[in-house]
Structure formats: C-alpha cells, structure tokens
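Structure record follows, encoded as structure tokens.
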Amino acid sequence: MSEEEHKKGRNFIEAIVEKDISENNNDGRVHTRFPPEPNGYLHIGHAKSICLNFGLTEKYGGKTNLRFDDTNPTKEEMEYIESIKEDVSWLGFDWEDREYYASDYFEQLYQWAELLIKEGKAYVDDQSVEEIAATRGTPTRPGKISPYRERSIEENLDLFRRMKAGEFENGARVLRAKIDMASPNMHLRDPIMYRILHAYHQRTKNEWCIYPMYDYAHGQSDYIETITHSICTLEFEVHRPLYDWFLDQIATGDYRPKQIEFARLNLSYTVMSKRRLMELVKEGYVDGWDDPRMPTISGLRRRGFTPESIRNFSEKVGVAKRDNVIDVALLEHSVREDLNKKAQRVMGVLDPLKIVIENYPHDVTEELETINNPEDESMGYRKIPFSREIYIDRNDFMEDPPRKFFRLSPGKEVRLKSAYIIKCEDIVKDHQGNITELKCSYDPETKSGASQSNRKVKGTLHWVSAPHAINAEVRLYDRLFNDEDPAGYKDHDFKEFFNEKSLNILKECKLEPSLKDAIPEDRFQFQRIGYFCVDRYSTSEKLIFNRTVTLRDTWAKISQKK
RNA sequence: UGCCCGAUGGUGUAAUUGGCAACACGUCUGAUUCUGGAUCAGAAGAGUCCAGGUUCGAACCCUGGUCGGGCAACCA
C-alpha cells in the first residue's frame with residue numbers, strides 16, 4: 001500500500017494515532033494492549049480487536065501487550081488463559097515477552113489507593129450493596145451522599161488497611177473514590193475502587209482479600225505498562241472521564257494513555273457475547289467452545305478457517321463508532337478467497353451413487369493424472385485411480401431433469417473430471433423404485449489430456465473409484481441460528497432461534513485414496529462441493545471432515561428459483 | 001424525562017478534512033472454463049435521517065428535531 005492510499009483508507013483510530021505521532025504526544029510512541037478477561041473463550045469479535053491492536057503497532061512501529069484483566073477471581077479460570085494465548089498466537093500475533101496480568105499490579109494499585117485516601121480523595125464506605133445501589137440515584141436524579149463520606153483520613157486509612165488484612169466479611173465495606181454524587185455521569189458518583197472478596201485467586205493465591213474494580217485497575221494498568229492508545233468498545237465511552245480522573249490522581253509527568261472506543265463486531269445469524277456462548281456450551285446446544293458452529297476463534301479454527309482469512313476479514317469490516325451487523329457472507333467470502341489459492345483439490349463423494357461402466361474392462365485400474373490446484377501450478381500433480389465401478393454424488397443425476405440441468409441423466413453424456421466422458425445407458429432400481437445403480441458406457445477416445453479429448457460436453461462431475469475409495473464421516477454445518485439477530489428480541493430467548501439443522505452428519509462418504517493420510521487441520525477443496533478440514537478429533541481409523549464453507553453455487557440459485 | 005455516542009446503496013466502510021459520493025461483500029448480465037468454482041468484462045442499486053441556516057459550493061460547519069445505541073453490578 002502506498003503512502004497515498006494509506007491516508008485515503010485510514011479509519012478514525014489510525015487518524016488519531018497519526019495525529020499523535022505528528023504532534024509527538026507521548027514522545028510519538030504507539031503502544032497498545034489486548035486486555036481480555038480470562039472468563040471465556042475468544043470469539044471473532046475479539047479477533048477484530050486483536051487485529052486492530054496488533055495491526056496498529058505493526059503499521060506504525062510500536063508494541064502490543066497481552067494483558068489478562070484478572071481482577072475478579074470468582075469468574076476467572078486458568079483454562080481460559082491458555083486458550084486465549086493459543087488463539088492470539090494462532091492468529092499470527094506475537095506479544096513477545098510482554099505477557100502481563102492486572103494481578104501483577106495489585107501491590108502498586110493498593111499503594112496508589114492509600115495515596116488517594118491520604119489526599120482525601122477516597123473513603124471507606126460501610127453501607128451495604130443495597131444501600132449503595134439505592135443511594136446512587138438514577139440517571140435523572142442525583143445520588144445521596146454516604147454518611148461515611150466525611151470520615152477522617154486516619155480512620156479511612158485504618159479501615160482500608162484492616163480490609164486488606166482480612167478483618168471484615170465479604171461486602172462489609174468498600175473503598176470509594178470521592179468524586180461527585182450529583183454528576184450526570186453515573187460512573188462519577190463515588191465509584192467503588194475496592195471490594196472485599198475472600199476468594200482464591202489463580203495467580204495471587206490467598207495473598208489478597210480485597211480486589212480492585214475494573215475502572216480503577218484498567219487505566220492504572222495502562223499507565224504502568226506505558227500504553228499510549230487504550231482501545232476498547234463503545235460501552236466504555238461513559239467510563240472515559242473516570243479513566244482520566246484516576247490517571248490524573250497518580251500521573252507525575254506529561255505521559256497519559258488515551259482511551260479510544262470503537263463499535264464491537266456483530267455477525268448475522270449468530271450471537272457474540274461470552275455469556276450467551278457459555279449458555280450454548282453449558283446447555284449442550286453445541287459440542288463445546290470449539291464446536292465448528294461457534295463464532296469462537298477455536299471454533300472457526302476447527303471449522304477450517306485460516307488465520308489469514310480471519311485477519312483479512314477483520315480488515316474488511318472496518319473500524320467505526322456506529323453499531324453494525326456484518327453479513328456472515330463476508331466472513332465466508334474471506335475464507336473462500338484464501339482457500340481458493342491454497343487448498344488442494346480432491347475428489348469426495350458425499351452421497352454415493354454407484355456407476356458401472358459396462359464397456360470398461362474388469363480388473364483394470366488406470367492411474368490418471370490430475371492437477372492439485374489449478375490456481376497454483378507449483379502445487380503439482382497427483383495420480384488418482386480409475387476403474388469399472390465408480391461413485392458419483394446422487395444429486396448429480398436426475399431421471400427427469402429440468403432444461404438447465406447440465407449433469408447426468410438418461411441417455412446424456414457428462415465428463416468425469418480428469419477421466420473420460422460417460423453416457424448413462426440404464427437405471428437400476430430396487431422394489432421401492434429407489435435408484436440403486438447406473439449403467440453407463442465410456443468413450444475411450446476422450447481421456448483427459450489425450451489428443452482427441454477435446455469433445456465438449458455440458459457438465460463435468462467429480463467421482464471416486466469404488467474399489468479404491470476410502471470411507472469417511474463428513475459433517476456439514478449450517479448457520480447456528482435461523483434468525484439474523486437471535487439476541488435482538490426482548491420477548492424471546494435467543495435459543496428459541498437455534499437452528500436444529502445446523503449440523504448434518506454424513507457417515508457413508510467416499511473419498512479418493514490419497515486422503516487416507518490426512519491429519520487434523522489439513523484443508524482441502526472437495527471439487528465442486530466446498531472446502532473441508534480434517535477435524536481435530538479425526539483419526540486414521542475414523543476420518544472426519546468438517547465442511548468449512550460451500551463453493552459458490554450458481555446451480556443452487558438457478559434451481560431454487562425453480 | 002439526565003448524560004454520552006451514532007445516523008452515507010441490501011450489508012459494511014470511505015470521501016484528499018467545505019469541491020462531481022468511492023471501495024468491498026452481496027445481487028444481476030455476458031465471456032470463459034474438464035470444478036455451475038476461479039477468472040475477466042459489465043450493470044443495477046444511495047444523492048448522504050428530517051427541517052432550517054452559513055457558503056459560490058455542505059455527507060462534512062451551525063441550530064432545532066427524529067430515530068437507534070449506551071450508562072443506575074461490591075462484572076469487565
């Protein structure tokens with residue numbers, strides 16, 4: 001991308017960063033952070049944020065920290081930390097040695113809290129949760145001042161130290177910043193800085209029984225890490241004055257991190273909150289956080305998405321402040337675009353229909369040559385066996401076809417990809433009238449690559465040689481929900497829109513023999529069908545393929561229009 | 001009846017910061033094709049939420065509305 005194009009296409013955050021650099025704010029540094037709370041798996045929305053934060057520092061020459069926002073020991077687990085790290089690196093980003101935890105700063109945070117008390121800017125409140133909630137006021141009415149607000153500095157200090165020492169029960173007292181109970185911004189009405197939580201923390205163990213709240217911990221953590229641009233989602237916009245207030249209390253020089261908010265990603269036909277995804281997992285709607293239908297990074301990975309496709313997608317969706325719903329078609333386009341260039345083409349028959357080529361000799365196997373990827377000659381060629389009995393997909397045959405059907409039907413000819421032209425001579429049915437087999441003839445002059453092979457026929461089919469085919473299970477996935485915005489109804493639970501047909505397992509699929517050594521996460525294009533990925537739990541005894549996405553299907557559109 | 005955001009083709013994002021509304025996805029044509037894929041060529045689709053104002057000129061600035069979102073967890 002040229003300098004000129006840069007300027008044209010830049011989003012509002014890049015514009016801010018460029019301005020800060022040109023004005024030499026914070027010495028012209030760019031330092032961002034990705035700050036997940038380890039209480040769930042990362043999803044495609046986080047991927048956008050990861051790409052944004054790491055992308056910015058790649059572009060402008062800076063650093064990005066990975067920081068776990070682990071200030072609530074009752075909700076957070078080690079399992080999530082591991083999955084988050086794996087997802088970020090899988091996407092292709094490197095936080096180098098900067099793996100940080102908000103809990104690493106507990107001591108510093110505590111010291112700053114004492115400082116605030118000493119300056120008369122924080123106080124210990126003995127009110128109960130209910131009382132604090134009740135006296136906070138409403139958006140239109142100011143709150144009531146706490147009876148404990150004017151305690152002496154000495155008493156506050158003493159009580160806060162005793163809170164830390166574990167002398168009080170959960171919920172008995174909190175430390176509050178003394179700001180303004182009448183502020184029109186609810187977050188400035190003496191926000192809670194510390195609460196008492198006698199809970200075991202994954203990292204600090206039993207060292208603490210008071211834990212800082214997000215608003216107090218986050219900005220100060222940014223400050224400690226010398227973050228310059230603290231990017232978060234829109235719902236934190238009203239927190240910004242508080243973010244700045246806390247910083248102003250402890251900052252000593254000119255350096256200040258700047259909070260910038262952008263609109264979170266929404267995807268059509270799915271849900272995008274950890275809470276809802278957790279529900280799907282816990283209530284068994286899906287297999288787990290990495291179910292291929294989930295919009296989680298691990299789910300997309302298992303489904304067969306590439307890191308590149310997700311990064312390209314993140315680039316394409318843009319960054320702005322207005323609410324948005326991205327068409328899932330854009331995500332699908334991103335994988336197709338990437339896999340089209342990379343995925344080896346193979347033959348796979350999902351719903352086998354046997355064909356006997358009656359004029360082809362018994363006991364003969366030809367090794368036919370076929371290109372691995374017509375988009376990339378360097379991927380080479382391979383051999384596929386051909387014989388008298390083959391399988392084609394059942395929906396590639398119609399006994400009574402409509403006019404635009406270019407596939408096999410009685411008396412009609414069709415090309416077998418990389419093989420011969422065959423003609424349907426006869427149909428074999430069982431007693432119920434189901435088609436069980438097709439009798440065909442082949443034209444030996446039409447072998448692919450042969451000099452007289454140029455005869456044109458309307459259609460080309462994929463196929464596999466019956467005696468050489470290997471068996472596999474193929475899982476077809478569809479959108480998780482039937483509604484574009486399942487979480488968008490006040491009077492309906494999002495799970496009411498769960499798509500019962502979102503998973504279709506096919507157990508009798510026949511694949512070309514070269515696939516027998518495929519290992520988990522190998523990706524292929526099953527010619528004319530779609531892109532498929534070996535499931536992470538696939539074994540050589542039981543091969544399992546997940547359909548990542550179908551190919552664009554013009555015929556499906558034509559036939560749907562009837 | 002408070003405060004803070006936002007509003008540009010079906011969807012998303014741009015518009016050299018006041019100068020002919022562009023790009024991508026999607027849709028539709030056609031060409032091509034041993035994948036009804038890919039590729040190539042082309043088309044339709046918004047006059048920028050509304051009403052005023054400033055200006056030679058407004059998507060952009062001002063005023064007033066309308067609509068949408070967020071904020072009242074000892075969550076993040």
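No hydrogens, no waters, no symmetry mates; every other heavy atom, side chains included, goes into these values. Treat the numbers as computed from the prediction; the structure is a model and nothing was measured.
- In this structure, A:Glu375 reaches the bases: a heavy-atom distance under 4.0 Å links it to at least one base atom across the strands shown.
- For RNA chain B, the stems formed by at least three consecutive Watson-Crick or G-U pairs, with both atom-pair distances below 3.5 Å, span B:2-7 with B:66-71, B:10-13 with B:22-25, B:27-31 with B:39-43, B:49-53 with B:61-65.
- B:rG9 and B:rC50: their P atoms are spaced 11 Å apart (whole Å).
- A:Asp323 comes within 4.0 angstrom of sugar-phosphate atoms only, judged by non-hydrogen atoms across all strands, and of no base.
- The side chain of A:Ser268 places no N or O atom within less than 4.0 Å of a non-bridging phosphate oxygen (OP1 or OP2) of B:rU11.
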### Task
Start with the C-alpha distance between A:Gln127 and A:Asp125, add both sets of side-chain angles, then the distance that settles side chain to side chain donor-acceptor pair (under 3.5 Å), and finish with yes or no.
CA-CA 6 Å; A:Gln127 293 183 105; A:Asp125 195 339; 2.9 Å; yes
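- For A:Trp555 and B:rG36, the ring-to-base geometry satisfies the stacking test (centroid distance below 5.5 Å, interplanar angle below 30°).
- Residue A:Asn72 places its side chain closer to B:rA76 than to any other of B:rA76, B:rA73, B:rG2.
- Nucleic acid contact for A:Ser418: base, since at least one base atom lies under 4.0 Å from a heavy atom of the residue.
- Listed by chain and number, the residues in a salt bridge (Lys or Arg N to Asp or Glu O under 4.0 Å) with A:Arg382 are A:Glu512 (sequence neighbours excluded).
- At the phosphate of B:rG37, OP1 or OP2 sits under 4.0 Å from a side-chain N or O atom of A:Thr554.
- A sub-4.0 Å separation between OP1 or OP2 of B:rC25 and a side-chain N or O of A:His333 is present.
- No contact: A:Lys458 has no heavy atom under 4.0 Å from any strand.
- Within the structure, a side-chain polar atom (N or O) of A:Arg528 is placed less than 4.0 Å from OP1 or OP2 of B:rG36.
- Note on A:Arg552: a side-chain N or O is less than 4.0 Å away from OP1 or OP2 of B:rA38.
- Straight-line distance between the C1' atoms of B:rA15 and B:rG53: roughly 24 Å, to the nearest whole Å.
- Nearest nucleotide to the A:Ala329 side chain, out of B:rC4, B:rG26, B:rU13: B:rG26.
- Base engagement by A:Gln527 is indicated by at least one non-hydrogen atom pair under 4.0 Å involving a base atom.
- Nearest nucleotide to the side chain of A:Ile558, out of B:rG36, B:rA73, B:rG37: B:rG36.
- Residue-level contact check: A:Arg407 touches the bases, meaning some heavy atom is under 4.0 Å from a base atom.
- A:Glu131 comes within 4.0 angstrom of no nucleic acid atom, judged by non-hydrogen atoms across all strands.
- Looking at heavy-atom distances under 4.0 Å, A:Glu261 makes no contact with the nucleic acid at all.
- Residue A:Asn11 is in sugar-phosphate contact alone, with no base atom involved, counting any heavy-atom pair closer than 4.0 Å across all strands shown.
- Comparing the same atom, C1', in B:rG18 and in B:rC60 gives a spacing of 7 Å after rounding to whole Å.
- A donor-acceptor contact under 3.5 angstrom links the side chains of A:Glu79 and A:Tyr41, judged on distance only.
- Among the nucleotides B:rC74, B:rA24, B:rA73, the one closest to any side-chain atom of A:Lys316 is B:rA24.
- Distance from the side chain of A:Met186 is smallest to B:rA72 among B:rC3, B:rA72, B:rA76.
- Nearest to the side-chain atoms of A:Leu551 among the listed nucleotides B:rA76, B:rC4, B:rG37 stands B:rG37.
- For the ring pair (Phe, Tyr, Trp, His ring centres under 6.0 Å) test with A:Tyr194, the passing option among A:Tyr216, A:Tyr123, A:Tyr211, A:Phe168 is A:Tyr216; the others fail.
- Residue A:His239 is in base contact, counting any heavy-atom pair closer than 4.0 Å across all strands shown.
- In this structure B:rG47 sits in the syn conformation; its chi angle is within 90° of 0.
- Residue order along RNA chain B, read from the 5' end via each residue's closest nucleotide, puts A:Ala320 first among A:Phe236 and A:Ala320.
- The A:Thr460 side chain lies nearest to B:rG36 when the options are B:rG36, B:rA76, B:rC25.
- Between A:Lys258 and A:Asp20 there is a salt bridge, with a side-chain nitrogen of the basic residue lying less than 4.0 Å from a carboxylate oxygen of the acidic one.
- Taking side-chain N and O atoms only, A:Lys321 has no distance below 4.0 Å to OP1 or OP2 of B:rG70.
- The side-chain tip of A:Arg33 does not point at the ring of A:Tyr100 from less than 6.0 angstrom away and within 45° of straight on.
- At whole-Å resolution of the value, CG in A:Asn170 and C1' in B:rA73 are 15 Å apart.
- Note on A:Phe405: a base of the nucleic acid sits closer than 4.0 angstrom, heavy atoms only.
- Among the heavy atoms of the strands, none lies under 4.0 Å from A:Arg336.
- A:Val457 comes within contact range of no nucleotide atom at all, as no heavy-atom separation falls under 4.0 Å.
- We find that A:Arg455 and A:Glu445 are not joined by a salt bridge, their nearest charged nitrogen and carboxylate oxygen being 4.0 Å or further apart.
- Side-chain proximity of A:Tyr214 to the nucleotides B:rC74, B:rG37, B:rA76 is greatest for B:rA76.
- For B:rU17, the glycosidic angle deviates from 0 by 90° or less, giving a syn base.
- Nucleotides B:rU17 and B:rA21 place their C1' atoms 15 Å apart, quoted to the nearest Å.
- Checking each of A:Thr71, A:Asn72, A:Asp70 against A:His201 for a side-chain contact (heavy atoms from CB on, under 4.5 Å) leaves exactly one that passes, namely A:Asp70.
- OP1 or OP2 of B:rC75 sits under 4.0 Å from a side-chain N or O of A:Arg195.
- A:Val174 comes within 4.0 angstrom of a nucleotide base, judged by non-hydrogen atoms across all strands.
- At B:rU8, one or more side-chain N or O atoms of A:Arg322 fall inside 4.0 Å of OP1 or OP2 (strictly under the cut-off).
- When each of A:Pro35 and A:Glu337 is assigned the nucleotide of RNA chain B with its nearest heavy atom, A:Glu337 is the one assigned upstream, toward the 5' end.
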#### Entry: Check against ring-ring contact (aromatic ring centres under 6.0 Å, His included), A:Tyr243 and A:His239
CA-CA 6 Å; A:Tyr243 178 94; A:His239 294 239; over 10 Å; no
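- Here the separation of B:rA59 from B:rU48, taken at their P atoms, is 7 Å to the nearest Å.
- The aromatic rings of A:Trp555 and A:Phe405 sit perpendicular, their planes meeting at an angle over 60°, well past the 30° parallel limit.
- The side-chain tip of A:Lys417 does not point at the ring of A:Trp463 from less than 6.0 angstrom away and within 45° of straight on.
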